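These notes concern the structure reproduced below.
Residue numbers start from 1 in every chain, and the chains themselves are labelled A, B, ... in the order their sequence lines are given, proteins ahead of strands. No experiment lies behind these values; they were computed from the predicted model shown.
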Amino acid sequence: MAEPQGPFAGAVMEDVFGLAAGWVQENLLIPLLYGLGLMRWEDIAFGWALFAVYGACQVVVTFAVCLPLEHWRPVERWPNNNAVWVDALYTAISRIGVLPLVTFVLFYRLQVATNGYLADHGWVPPTLERLFPALLGQQILTFALYAIVLDFAEYWRHWLAHRFRWWWALHSLHHAQRQMTFWSDDRNHILDDLIAFVWFSAIALAIGVPPLQFPLLVLVLRFLESLSHANVRLSFGSIGDRLLISPRFHRAHHGIKAAGVRSCNYGAVLPWWDILFGTADFAHDYAPTGDPSGEEALATGSYWQQQGAGLRRFIRSFSATATPRRIG
Amino acid sequence: MRRVYFRRTAMRWAVFLLPILLLAPHARAAGVAFVIDSGAAAISVVDMATLQEVRRIPVLREPHHLVPSPDGKSLLVGDTAGNEMLFLDPATGAIQKRMPIADPYQLGFSPDGKFLTVAGLARNQIDVYDAASMKLLKRFPVKSTPSHVAYSPDSATAFVTLQDTDRLVAIDLRKLEEKWNQPVGKTPAGVLWLNGKVLVADMGTDYVAQVDPADGRVVAKIVTGKGAHNLFLSPDRKILWVNNRAGGTTAAVDPTTLKVLRTYAIPGGPDDIDFAPDGKLWITRRWAEKVAVLDPATGNYQTVAVGRSPHGLWLNPKAPSPAR
């Protein structure tokens with residue numbers, strides 16, 4: 001059998017993250033785990049350290065890129081931006097804290113159980129590398145292909161989140177923000193996050209995304225998603241906007257006229273799916289954002305007030321009188 | 001007269017050459033080292049002469065351990081999350097074949113070469129295979145996280161540590177049934193047969209437990225360092241080496257008296273060890289993306305940069321230097 005030879009693609013990038021995670025593991029986590037008698041968690045701890053390092057780097061990069069952009073050409077200026085700080089809290093929880101740990105542990109266990117069961121029955125689950133062996137060792141190319149497939153899945157998840165009344169009730173928390181900035185990407189109801197995790201995991205399992213590649217994949221995509229929420233007058237041009245989702249394109253999705261069960265520009269990173277399925281709108285220009293139909297707490301409440309308001313709306317959505325609404 | 005002259009000349013040469021011989025750098029072992037990069041889904045191929053990684057063999061997902069086949073014709077690598085076993089040429093690393101196997105984490109052949117025991121850490125199972133046919137003889141569901149494997153010298157019993165339930169299980173390979181399953185410490189990891197006893201490295205504490213193979217009773221505890229993780233006997237059987245994960249040390253232990261002779265600082269999560277013919281120890285450092293090549297005489301070590309989370313390693317000093 002011919003042996004696939006892989007270049008060290010991505011090795012340098014891995015080194016920085018891996019060595020930083022190693023430092024966290026050796027100097028912070030292991031002394032803690034050993035002291036608490038929890039050394040059985042040391043492998044999981046290293047996985048979390050990788051997630052946390054990826055997340056922290058990604059927040060720093062997002063901040064360094066988006067903040068100057070928002071100061072340079074803001075779409076809106078506000079007398080105070082208190083509502084934005086809650087969004088920053090969402091980001092910290094979502095990208096560095098508990099959620100990455102849970103995501104990693106759950107996804108890993110799920111993948112092991114599913115794929116192991118299938119392997120027991122003599123069937124090795126499909127992966128892109130098995131279908132196309134030339135991809136083995138081609139980390140950047142493989143990474144890009146996985147990203148495209150996952151972005152396609154994300155388009156449909158988002159489309160469905162707007163179509164179902166109960167799902168929109170949860171997702172409306174994301175749309176309620178009238179002071180939309182690059183922090184707003186992570187302001188989601190926790191149940192909406194849970195559904196997104198199940199969705200993403202199911203797709204990732206089906207196409208065989210490697211667990212240790214999973215965080216990098218998610219975080220690169222999430223950086224681009226953060227950028228698309230930025231409060232900045234920025235377009236990638238008539239061609240660029242059709243290749244990658246710009247702040248201008250995504251703002252049309254967050255416009256008050258697009259809040260509801262029918263919207264436009266559902267894509268997360270690539271606008272290709274909106275163009276392909278007729279949901280793209282390149283005409284709207286930097287509309288005000290928000291969801292006028294929701295409780296005020298969804299827009300300006302504290303973290304827990306927002307979660308509570310989202311849950312109430314979710315429960316109300318099952319009552320007979322609730323009807324799907326469309327604005328505009 | 002001539003004899004005296006010859007003797008004096010020889011003495012002069014000896015005086016001249018001795019310092020040069022003593023000061024000359026030790027000759028490096030030739031050959032190839034295979035290092036499993038668990039977090040990089042790859043196997044690093046390292047030139048033992050230059051201590052340089054020359055290439056990587058990509059695998060599907062998450063390999064951890066490797067073992068040569070009893071006939072020496074293959075090197076088996078378990079890819080846990082990829083659910084497959086790879087068979088490599090032990091000299092070149094060329095892939096000979098792939099076999100679907102559920103969660104092959106740790107693996108080891110019995111001393112008589114008849115059995116292959118595979119610990120499935122994530123799936124809580126121990127699989128015993130017929131080594132010649134690779135037919136699964138029996139699966140033992142266990143609680144939980146079976147992590148390391150050892151055998152009695154007569155190949156009658158396999159011992160597997162159960163990391164998350166603090167136990168050691170003994171499997172009768174003749175009857176293919178569980179002999180005993182006993183608590184031995186706190187997060188047991190590495191396991192080794194030594195002088196009629198089973199030694200278990202206890203990662204949750206700072207000792208190696210000495211276990212009676214007849215009933216699993218702990219008969220002694222040998223303090224080696226924080227987070228005792230794995231243990232290996234040198235090829236000449238003169239030193240027992242213990243890697244202490246949390247303390248970042250490697251301890252040299254007298255295998256007869258079980259006294260610690262010396263402790264070496266090996267930071268970065270020391271894990272697996274293999275022994276080079278020049279007397280040096282190759283030690284994977286899980287969180288440092290490096291292999292330490294330790295000279296036990298001086299306590300100094302050189303480093304080999306490899307991929308993320310290096311775990312299992314195996315040296316083939318007889319192989320030619322690997323090609324890029």
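No donor-acceptor distance shorter than 3.5 angstrom exists from the side chain of A:Tyr34 to the backbone of B:Met203, with no hydrogens or angles considered.
Looking at heavy atoms from C-beta onward, A:Gln25 lies out of side-chain contact with B:Arg286 at the 4.5 angstrom threshold.
Heavy atoms from other residues, nucleotides or ligands lying under 6.0 Å from NZ of B:Lys138 number more than 12.
The candidate with the highest count of non-hydrogen atom pairs below 4.5 Å against chain A, out of B:Ala102, B:Ala42, B:Ser147, is B:Ala102. Looking only at heavy-atom pairs under 4.5 Å with chain B, the residue among A:Glu42, A:Met39, A:Arg40 that has the most is A:Arg40.
To the nearest 0.5 Å, atom CH2 of residue B:Trp287 and atom CD1 of residue A:Ile30 are 4.0 Å apart. Atoms OG1 and CG, from B:Thr145 and A:Asp43 in turn, are 10.0 Å apart once rounded to the nearest 0.5 Å. The CZ atom of B:Arg308 sits 4.5 Å away from the CG atom of A:Leu50 when rounded to the nearest 0.5 Å.
In this structure, the portion of B:Ala288 lying under 4.5 Å from any heavy atom of chain A is its backbone and not its side chain. When heavy atoms are compared at a cutoff of 4.5 Å, B:Lys186 approaches chain A solely by way of its side chain, counted from C-beta outward. No part of B:Arg285 comes within reach of chain A, as not one of its non-hydrogen atoms sits under 4.5 angstrom from that chain. Residue B:Asp37 does not touch chain A at all, counting heavy-atom pairs closer than 4.5 Å.
With sequence neighbours excluded, no residue satisfies side-chain hydrogen bond (donor to acceptor under 3.5 Å, both in side chains) with B:Thr284.
For residues 151-161 of chain A, an interface with chain B (any heavy-atom pair closer than 4.5 Å) does not exist.
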